[in-house]
There are 2 protein chains.
Amino acid sequence: MSTKPRGMDGVNGWRELSARTIFLHQAIADHLGLNITDHKCLDIVLTHGPMTAGRLAEDSALTTGAITGVVDRLEKKGFVRRVADPHDRRKTMIEAVPESLAEIEQIFARLAQKTAEITARYSEVERAAIDDFAHRGATMIDAFVRELRSKSS
Amino acid sequence: MSTKPRGMDGVNGWRELSARTIFLHQAIADHLGLNITDHKCLDIVLTHGPMTAGRLAEDSALTTGAITGVVDRLEKKGFVRRVADPHDRRKTMIEAVPESLAEIEQIFARLAQKTAEITARYSEVERAAIDDFAHRGATMIDAFVRELRSKSS
DNA sequence: GAAATATATCTTAGATACTAAGAATTATAC
DNA sequence: GTATAATTCTTAGTATCTAAGATATATTTC
């Protein structure tokens, strides 16, 4: 007997949603003309705000050498820029270029709108539960990822 | 002024959760000794059940040439096997090797358990809303991804 | 049923992006 | 001021992707 399709076991819809999320990020990256790594790094910079190249390397789990390439490409396309840190000239701060973000913002705005259309179906209490679940889920995954990494061979 | 951190705009927790999901998949892949592409493809095979190499190429948005490499590596590591389709000998069915999946199943079981711990906090009605949101969200993302791809340059 | 066309996967060549190690620059400690 | 540390970049080697075409099998047409 071959493996049964999963997806409906355990906690039902979440696994399905999480699989689609992967494809969504891929599709957004394609649409912006970025590879998946560069898009992930841009997303980290957008979420975190200006940060050093080294911090970006840590957060993305890439080497600093790889980050040099990532930032080169993102800078060439105008999404981020390098800014020298005046207090420590070894450091390079990476920051998003606001003028370049219109297309990304538009994508996320449309996503937010479509999500809002879905949540409009629910009561106040239900919406709060969904939001709470997302927060707790994010925290749980954070811990889980750290656990996985610590046990890594 | 630089770009504000996002994450709390629109529909609050979901964007946060979705960002962590990306890291989770990366961490699981690392833990299994797979690259992210191979892990994604394995996940597709597990979710979908046995499928042809060509179908896997479509679903993963890779070329058939890339899939040859993916399946070679997954097969070498014992996660999947190629089985000739008796009805059409051009086709190669890719199927998971059940005996190899203990570690993956364990990871997902632990994730499911931790998710269950979270959902235990909620009422029946709230749980239903969370589940419903996940399903509708998955469907919405599906449509969104197709829309993005169709508008691609 | 033979030839032409279509389909499915694999192979190859070239491009891209990663890691690991170390170089170059700047900061900190003694 | 010299030694050590920290930060980013560079380089060499490797892995994996795409695009194009080769190979094998199936289907259609005559």
Side-chain angles (χ1 to χ4, degrees), chain A residues 22-23 25-27 29-30 32-45 48 50-77 79-95 149 152-153, chain B residues 22-23 25-27 29-30 32-45 48 50-77 79-95 149 152-153:
Chain A
I22 308 294
F23 288 103
H25 274 248
Q26 174 78 257
D30 290 347
L32 296 172
L34 298 175
N35 71 40
I36 199 87
T37 300
D38 292 0
H39 178 229
K40 191 171 100 175
C41 290
L42 177 56
D43 201 56
I44 290 171
V45 172
H48 183 280
M51 63 201 301
T52 65
R55 180 64 198 277
L56 180 54
E58 275 177 44
D59 286 8
S60 63
L62 292 172
T63 61
T64 58
I67 289 298
T68 299
V70 168
V71 176
D72 283 352
R73 291 187 296 271
L74 287 177
E75 196 167 38
K76 195 168 173 183
K77 289 178 175 155
F79 288 112
V80 304
R81 61 185 155 222
R82 288 177 165 96
V83 178
D85 182 332
H87 302 307
D88 184 341
R89 297 192 12 214
R90 293 168 306 180
K91 292 185 182 174
T92 305
M93 301 299 293
I94 315 296
E95 62 178 41
R149 284 187 180 147
S152 219
S153 41
Chain B
I22 307 294
F23 288 103
H25 273 248
Q26 175 78 258
D30 290 347
L32 296 172
L34 298 175
N35 70 41
I36 199 86
T37 301
D38 293 359
H39 178 228
K40 191 170 99 175
C41 290
L42 177 57
D43 200 56
I44 291 170
V45 172
H48 183 280
M51 64 201 302
T52 65
R55 179 66 197 275
L56 180 54
E58 275 176 45
D59 286 8
S60 62
L62 293 171
T63 60
T64 58
I67 288 299
T68 298
V70 168
V71 176
D72 283 351
R73 291 187 295 271
L74 287 176
E75 196 168 38
K76 195 168 173 183
K77 289 178 176 154
F79 288 112
V80 304
R81 60 185 155 224
R82 288 177 165 96
V83 179
D85 182 333
H87 301 307
D88 184 343
R89 295 194 13 214
R90 293 168 305 180
K91 292 184 182 173
T92 305
M93 302 299 293
I94 315 297
E95 61 178 41
R149 284 187 181 148
S152 219
S153 44

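First the proteins, then the strands, lettered A, B, ... as listed; each starts at 1.
Taking 3.5 Å as the limit, the base of C/dT9 and the side chain of B/R90 contain no donor-acceptor pair of atoms between them.
Counting only heavy atoms from C-beta outward, the side chains of A/L56 and A/I44 approach each other to under 4.5 Å. Two residues are said to be in side-chain contact when any heavy atoms from C-beta on lie closer than 4.5 Å; A/I94 and A/E75 fail this criterion.
A salt bridge links A/D59 with A/R55: the closest approach of a Lys/Arg side-chain nitrogen to an acidic carboxylate oxygen falls below 4.0 angstrom. Ion pairing between a basic and an acidic side chain is recognised when a charged N comes within 4.0 Å of a carboxylate O; B/D72 and B/R82 show such pairing.
End-to-end axis angle for the helix from C/dG1-D/dC30 to C/dC30-D/dG1, using five pairs per end and rounding to 10°, comes out at 20°.
Distance B/E75 CD to C/dT9 P: 14 Å, rounded to the nearest Å. For A/L34 and C/dT16, the CG to P distance is 15 Å, given to the nearest whole Å. Atom CG in B/N35 sits about 6 Å away from atom P in D/dC17, given to the nearest Å. When the P atom of C/dC18 is taken as reference, atom CD1 of B/I36 falls 13 Å away, rounded to whole Å. One can place NE2 of A/H87 at 15 Å from P of D/dT7, the figure rounded to the nearest angstrom. In this structure, the NZ atom of A/K77 is 10 Å from the P atom of C/dT16, given to the nearest Å. D/dC17 atom P lies 5 Å from atom CZ of B/R73, rounded to whole Å. The separation between A/K91 atom NZ and C/dA27 atom P is 10 Å, rounded to whole Å.
Smallest separation of non-hydrogen atoms from B/I36 and B/Q26: CD1-CA, 3.4 Å. Between B/D38 and B/N35, the shortest heavy-atom contact is N-OD1, 2.7 Å. Shown here for B/S60 and B/K40, the closest heavy-atom pair between the two residues is O-NZ, 3.8 Å.
Contact annotation: B/T37 side-chain N/O to D/dC17 OP1/OP2 distance is under 4.0 Å. Within the 4.0 Å cut-off from OP1 or OP2 of D/dT10, not a single side-chain nitrogen or oxygen of A/T68 is found. Put simply, A/R82 has no side-chain N or O that comes within less than 4.0 Å of OP1 or OP2 on D/dT8.
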Please determine whether side chain to side chain contact (heavy atoms under 4.5 Å, CB included) holds for the pair B/H39 and B/T37, giving the CA-CA distance in whole Å, both sets of side-chain angles, and the decisive distance to 0.1 Å.
CA-CA 5 Å; B/H39 178 228; B/T37 301; over 6 Å; no
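In the region residues 51-64 of chain B, proximity to DNA chain C at under 4.0 angstrom, judged on heavy atoms, holds for B/T52, B/A53, B/G54, B/T64.
Comparing atom distances between the A/R89 side chain and each of D/dT16, C/dT26, C/dC10 picks out C/dT26 as nearest. In the set C/dC18, D/dA26, D/dT7, D/dA26 carries the atom at the smallest distance from any side-chain atom of B/D88.
If you run side chain to side chain contact (heavy atoms under 4.5 Å, CB included) between A/F79 and each of A/V71, A/L42, A/V45, only A/L42 comes through.
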